[in-house]
Amino acid sequence: SFQRRLSENIRNAPPIVETIHSIAPVDLGKPRSRGVGSDVSVHRVQGVQDIPNKVRSIITKWLSSQNAVERSSVAVLCPDEQVCDAVVDSLNAGHVRAERLSKRALGGKRRNCILVATIDEFKGLEKPLICVAGLGNPEEHARFSHLAYAAFSRANHTLAFVCTEGEARTMIELERF
């Protein structure tokens, strides 16, 4: 089940488990923490069109905070190519260097940019800070559940989930089964 797989795969994440619990009130079990500290935030937006600007706001805050992070420590995961392109455009318009996932972006030399990828493209990869830019169509429960698990389990330290009200409701519905 989604609940069991997520609790077994969370990385450094008591706050991630708590946040998921606030979206979908279920017992995910005790997370296995690695390292110290982590943070999770959920940001609800009116519609999908609002996601890219909210992502830019979150990333800008991470980069300019007291404990500013390197751009190369951040990835934005999107449900599809269209959202990825909109996020890259929004970040670059806000003077935050962003690139789509590619062999060049993942190459040996550390790139000073935000990595943007679809959730499926990012399979098997991790970053300290992950911003999930929506999960797509909440009507397709099996796909939605798969994307939620795949995206949330990529964060080592910090997770921000930007979602519509419909996506938040679907998270709750999925845990009832």
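All values derive from a computational prediction rather than experimental measurement. The residues of the chain are indexed from 1 along the displayed sequence.
In terms of modelled atom types and a separation under 3.5 Å, the side chain of Glu167 and the main chain of Pro138 share no donor-acceptor contact. Remark: the backbone N or O of Gly166 is paired with a side-chain donor or acceptor of Thr170 at under 3.5 angstrom. Side-chain atoms of Arg154 do not come within 3.5 Å of backbone N or O of Lys127 as any donor-acceptor pair.
To the nearest 0.5 Å, atom OG1 of residue Thr164 and atom CD1 of residue Ile51 are 6.5 Å apart. Atom CG in Leu129 sits 12.5 Å away from atom CG in Leu115 (nearest 0.5 Å).
Across His43, Arg44, Lys54, Arg169, a single residue satisfies side chain to side chain contact (heavy atoms under 4.5 Å, CB included) together with Cys163, and that is Arg44. For the pairing with Cys131, the side chain to side chain contact (heavy atoms under 4.5 Å, CB included) check across Ile114, Leu77, Ile58 returns one residue only, Ile58.
The two residues Leu147 and Pro79 make their nearest non-hydrogen contact at CD1-CB, 4.4 Å. Phe122 and Ala75 make their closest contact through CZ-CB, 3.8 Å (heavy atoms, listed as atom of the first residue, atom of the second, distance). The shortest non-hydrogen separation linking Asn92 to Val96 is OD1-O, 3.1 Å. For the residue pair Ala155 and Ile130, the shortest heavy atom distance occurs at CA-CG1, 3.6 Å. For the residue pair Glu121 and Leu125, the shortest heavy atom distance occurs at O-CD1, 4.5 Å.
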Exercise answer: donor-acceptor pairs, residues 82-90 side-chain atoms, under 3.5 Å, sequence neighbours excluded:
from, atom 1, to, atom 2, distance (Å)
Asp85, OD1, Arg100, NH1, 3.3
Ser90, OG, Pro52, O, 3.3
Ser90, OG, Asn53, OD1, 3.2
Ser90, OG, Arg56, NH1, 3.4

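Open room surrounds CD on Gln46; 12 or fewer heavy atoms of other groups in view lie less than 6.0 Å from it.
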Step-by-step side chain to side chain contact (heavy atoms under 4.5 Å, CB included) determination, Thr60 to Leu91: CA-CA 9 Å; Thr60 301; Leu91 288 169; 5.7 Å; no
Show the numbers, then the answer: is there a side chain to side chain contact (heavy atoms under 4.5 Å, CB included) between Leu135 and Ile119? CA-CA 9 Å; Leu135 291 171; Ile119 296 165; 3.8 Å; yes
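The closest side-chain heavy-atom distance from Glu99 to Arg71 is not below 4.5 Å. In this structure, the side chains of Leu63 and Val69 come closer than 4.5 Å at one or more pairs of heavy atoms.
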